[in-house]
Structure formats: C-alpha cells, structure tokens
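Written out below as structure tokens is the structure these notes cover.
Keep in mind the model is a prediction, meaning the values are calculated, not measured.
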Amino acid sequence: MGVDKPNAIHDEENILLHTALFKQVSPEEAEELIPHMRRSAYLKGDRIFNEGDTDHRLYLLEQGRVKLIRTSQDDRVQLLSIHAPGEVLGEIPVFDPHGGPRTASAVAMMNGTSVVWLEHDALFAWLDQHPRVAIDMLQVMAARLRGNNERISELVFMDVPARLAKTLLNLATRFGEPIEEGLKVPHDLTQEELAQLVGSSRETVNKALMDFANRGWIARDGRSIIIYQPGMLIRRSKR
C-alpha cells in the first residue's frame, strides 16, 4: 500500500527540475507546481496504479524501479516495460481526450520506491500558462511510440538471441553497475519476466542465456547478469 505525503515536496527536492519533461521551463516556473504535487512511497510489490483505473494522474518516478504489466482475462500476466527514476508513468489517460481507463498496472520492484504525481486539472492549468512544456511532453510520448515501433520490428525481424542481447544491453545501460569482473546488471526479474521482456518463451531465452554464458560473454548471478563482453552482445544484437 502506498503512503501519500501531500506536503512533502520542497523546492530543493523538486523532481521536475531533473527530468527531460520540463527542460523548457525555468526552475521558478516549474516550482509553481509544487503546491499541487504529491509524493507516494511504496514497498516492493505494491501497486502504484492498476489496469482499468479511471484516475487522470501523471506520475514521475522519483526513486526505485517500476514495471508495467497487463493481465489477461484468464489471469496471465505480461511484463511490458521497466522504468527508472526520472521517467514518466501513466501518461496515456492523462492525454486521452476520452479519458479512457489505464491500459496497464504499475508495480514497485523494490522497497523505497517513490513517485511524485499531479492531477490532470492542475497539470493542464499550468500548461495553459507554459504551453512550450507541451513540446517536451510530445517528445517524450514520441520516444515511447518510437520504442514501441522498434519493439514490434524486433519481434518480426530479429531472432531470440539477438533480442536477448539487445535487452541485456538496454538493461545494462539503464541499471548496470561497474564491478571488477565487468558490468553487473541487477534486473530483479524472474526467468518468466525476462522472457516476456525479450518476447519469447522462458525455455528459449534460457537456452540463449546458456549459450552466451558458454561463450564467456556473460554469467548469471541470481537475478543479476554479469556482462564480460558487451562488444560481443552488440555484435550479436545486429545479426
């Protein structure tokens, strides 16, 4: 269960100042939103919002990591994406002119995850005063659309090892931690979730992981991957 702290936003902590979404405004302009901002904290496994919810809040991930999932009618779960601090969550119903429901659920992946959120009306009233921010929002949404298009193309044109290599490189870029042996990527995903992220079955992805490990490119360490040879993963992702 998330814990709301309505008055916990301070000028020096304003997350808006540290995100690409608001890069076109001055700190003073961004801070006009502080009275309307709310912060919520979550434990691992908590839901930030649920698929089908009808609220119109825009979320910014402040700390931690969040995964977006969808659930089928027979309760199967599909992992859609993973999000890092500074990224926007839940923007679709905010900008949907018909006010449609949320298309996915957001789940905290670690303790201490926190988000800052704004209600639709407060955000749009502020946008009326600073319309150039809408350009940044369009750029963020365009990047999301581009990423979705690339993912569709990868599913059609790339084999599983290539998609796995690209997925590992993406996770490494966003969450990798340099260690003496190489780059440690603490993805904190189950085998099934990693397979969903790649877009294949668990058995096929495990087979590709074993092949990468046998070649000396990576090693598995619980819910982490240690990348020894990123160059070989880059090469394999382009085949």
Side-chain angles (χ1 to χ4, degrees), residues 9 11 13-40 48-70 78-109 113-157 166-167 169-171 173-175 197 199:
I9 309 300
D11 290 10
E13 298 173 349
N14 191 347
I15 189 175
L16 299 181
L17 306 182
H18 306 290
T19 62
L21 192 60
F22 295 90
K23 64 184 179 182
Q24 297 291 341
V25 298
S26 68
E28 291 76 20
E29 291 170 328
E31 286 166 1
E32 293 173 14
L33 277 175
I34 288 178
H36 305 285
M37 294 166 63
R38 300 293 183 266
R39 176 181 286 126
S40 298
I48 298 168
F49 54 78
N50 287 290
E51 182 179 353
D53 285 353
T54 57
D55 69 283
H56 298 140
R57 294 174 178 174
L58 180 72
Y59 292 84
L60 291 167
L61 179 54
E62 184 178 38
Q63 295 181 28
R65 200 176 304 170
V66 170
K67 59 185 177 183
L68 292 185
I69 62 172
R70 294 196 71 171
Q78 175 68 42
L79 174 63
L80 301 176
S81 56
I82 298 174
H83 295 269
E87 295 185 4
V88 178
L89 300 170
E91 73 278 4
I92 292 177
V94 178
F95 295 101
D96 182 350
H98 302 293
R102 295 201 176 276
T103 58
S105 300
V107 183
M109 297 181 67
T113 294
S114 64
V115 298
V116 170
W117 51 270
L118 288 159
E119 293 287 359
H120 170 279
D121 292 348
L123 176 62
F124 273 65
W126 184 78
L127 283 175
D128 285 341
Q129 301 298 317
H130 307 290
R132 61 188 180 279
V133 180
I135 297 174
D136 293 301
M137 292 187 172
L138 285 172
Q139 291 175 342
V140 169
M141 297 181 75
R144 289 274 176 87
L145 180 59
R146 182 188 297 274
N148 288 337
N149 288 342
E150 288 180 357
R151 180 170 172 79
I152 292 171
S153 295
E154 291 166 5
L155 290 171
V156 173
F157 298 117
K166 189 166 184 178
T167 298
L169 290 167
N170 178 266
L171 292 172
T173 298
R174 301 169 71 199
F175 309 117
L197 203 57

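- Closest approach of A104 to R70, counting heavy atoms only: CB-CG, 4.0 Å.
- Both tests do not hold together for R57 against F49: distance to the six-membered ring centre under 6.0 Å, angle to the ring axis within 45°.
- Atom NE2 of H120 sits about 9.0 Å away from atom CG of L127, to the nearest 0.5 Å.
- At a threshold of 4.5 Å between non-hydrogen side-chain atoms, the residues L60 and V88 count as touching.
- By the 4.0 Å N-to-carboxylate-O rule, R102 lies too far from E51 to be salt-bridged with it.
- The CH2 atom of W126 sits 9.0 Å away from atom CG of L118, with the distance rounded to the nearest 0.5 Å.
- Side-chain contact check for F124 versus V94: some heavy-atom pair is nearer than 4.5 Å.
- T103 is not listed as a side-chain neighbour of L68, based on a closest heavy-atom distance of 4.5 Å or more.
- In this structure, CZ on F95 lies 6.0 Å from CG on L58, to the nearest 0.5 angstrom.
- Expressed to the nearest 0.5 Å, how far CD1 of I69 lies from CD1 of I82 amounts to 12.0 Å.
- Of the inter-residue distances, the one linking H36 atom NE2 with D121 atom CG reads 10.5 Å to the nearest 0.5 angstrom.
- Between P85 and G64, the shortest heavy-atom contact is CD-O, 3.2 Å.
- When every heavy atom of S114 is checked against every heavy atom of L61, the shortest pair comes out as O-CD1, 3.5 Å.
- The CZ atom of R65 lies 11.5 Å from the NZ atom of K67; values are rounded to the nearest 0.5 Å.
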